[in-house]
Amino acid sequence: MKYVKQITLILLVSFIGEFIHSVIPLPVPASIYGLVIMLAALMSGIIKVSSVKETAAFLIDIMPVMFIPAAAGLMTSWPIIKQRLFVYIFLTVVSFAVVMTVSGRVTQRVIRMEKKK
């Protein structure tokens, strides 16, 4: 019963994100709204971490399985992808480098801020 309550709570937050997405005409995915709402609820204490901990751990454990449909979609789109393969590879490498650089800089800044406290 504990897992049913936890998944219901997570789905409720996701549905609130879907509702906000349908009301606010911004190009932001509904899942991002849901994640921000969940983060705010967890940080403010509205939702306790223990209220979703086990189900969240389960969802993280099965996350690789969620990429199988995307991989299958890539395989069926191979004729289109191979025409611009080098462009995709270049963009992937550049975006990877940007994400790693920004993540590293942000992490360093957070660590420095923590040391100052």
Side-chain angles (χ1 to χ4, degrees):
M1 193 64 175
K2 172 173 63 172
Y3 293 107
V4 173
K5 288 179 183 177
Q6 290 182 9
I7 195 73
T8 302
L9 186 58
I10 292 170
L11 287 174
L12 177 66
V13 171
S14 295
F15 286 134
I16 292 170
E18 289 285 341
F19 174 75
I20 291 173
H21 176 70
S22 67
V23 173
I24 299 175
L26 293 175
V28 177
S31 59
I32 300 301
Y33 286 122
L35 287 171
V36 170
I37 293 167
M38 181 62 85
L39 177 64
L42 288 169
M43 290 181 72
S44 66
I46 295 171
I47 297 175
K48 304 287 184 218
V49 174
S50 60
S51 301
V52 293
K53 188 173 185 173
E54 290 86 5
T55 300
F58 170 73
L59 291 172
I60 290 170
D61 287 343
I62 65 165
M63 190 181 296
V65 176
M66 303 304 174
F67 289 100
I68 292 173
L74 285 175
M75 290 175 14
T76 60
S77 301
W78 176 247
I80 298 166
I81 292 172
K82 79 176 179 182
Q83 295 172 359
R84 294 193 173 97
L85 184 61
F86 292 111
V87 174
Y88 293 136
I89 291 172
F90 175 76
L91 290 174
T92 301
V93 169
V94 168
S95 64
F96 174 78
V98 169
V99 167
M100 291 300 290
T101 302
V102 170
S103 298
R105 297 287 182 172
V106 169
T107 303
Q108 287 175 344
R109 184 169 286 174
V110 169
I111 290 171
R112 284 187 200 122
M113 288 172 50
E114 289 293 319
K115 285 182 179 178
K116 287 181 181 178
K117 289 182 181 181

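Here, residue 1 is the first one in the sequence, and each next residue gets the next number. Computed from a prediction, not measured in an experiment: that's the story for all the values here.
No side-chain heavy atom of L59 sits under 4.5 Å from any side-chain heavy atom of M63. The shortest side-chain heavy-atom distance between I20 and I37 falls under the 4.5 Å cut-off. Side-chain contact between I10 and M38 is present, with at least one heavy-atom pair separated by less than 4.5 Å. Side-chain contact between Y33 and L26 is present, with heavy atoms from C-beta onward closer than 4.5 Å. L9 has its side chain out of reach of K5: every pair of non-hydrogen atoms, C-beta onward, lies at least 4.5 Å apart. At least one side-chain heavy atom of W78 sits less than 4.5 Å from a side-chain heavy atom of L85.
The closest donor-acceptor contact from the side chain of S51 to the backbone of I47 lies at 3.5 Å or more, if one exists at all. With S103 contributing its side chain and M100 its backbone, the two residues share no donor-acceptor pair below 3.5 Å. Between the side chain of S95 and the main chain of T92, a donor-acceptor pair closer than 3.5 Å is present. The backbone N or O of T55 lies less than 3.5 Å from a partner atom in the side chain of Q6, making a donor-acceptor pair. Listed for the S44 side chain is a donor-acceptor partner under 3.5 Å among the backbone atoms of A41.
Neither I81 nor F90 shares a network with the other; the hydrophobic side chains, linked directly or stepwise wherever heavy atoms of I, L, V, M, F, W or Y lie under 4.5 Å apart, form separate groups for each. Hydrophobic cluster membership differs between F58 and V65, with clusters built from Ile, Leu, Val, Met, Phe, Trp and Tyr side chains linked at under 4.5 angstrom. No continuous path of ILVMFWY side-chain contacts below 4.5 Å connects V49 to M43, so the two sit in separate hydrophobic clusters. Residues V36 and I24 share a single hydrophobic cluster, defined by chaining ILVMFWY side chains whose heavy atoms lie under 4.5 Å apart. L39 and L35 fall into different hydrophobic clusters, where Ile, Leu, Val, Met, Phe, Trp and Tyr are joined by side-chain heavy atoms under 4.5 Å apart, directly or via other members.
For the atom pair OG1 of T107 and CD1 of I111, the computed distance is 6.0 Å after rounding to the nearest 0.5 Å. Here OG1 of T8 is found 10.0 Å from CZ of F15. Values are rounded to the nearest 0.5 Å.
Other residues, nucleotides and ligands contribute only 12 or fewer heavy atoms inside 6.0 Å of the CD1 atom of I80. No more than 12 heavy-atom neighbours from other residues, nucleotides or ligands sit within 6.0 angstrom of CZ on F19.
Shortest non-hydrogen contact noted between H21 and A30 is CB-CB, 3.5 Å. Of all the heavy atoms in M66 and P69, the pair that sits closest is O-CD, 3.4 Å.
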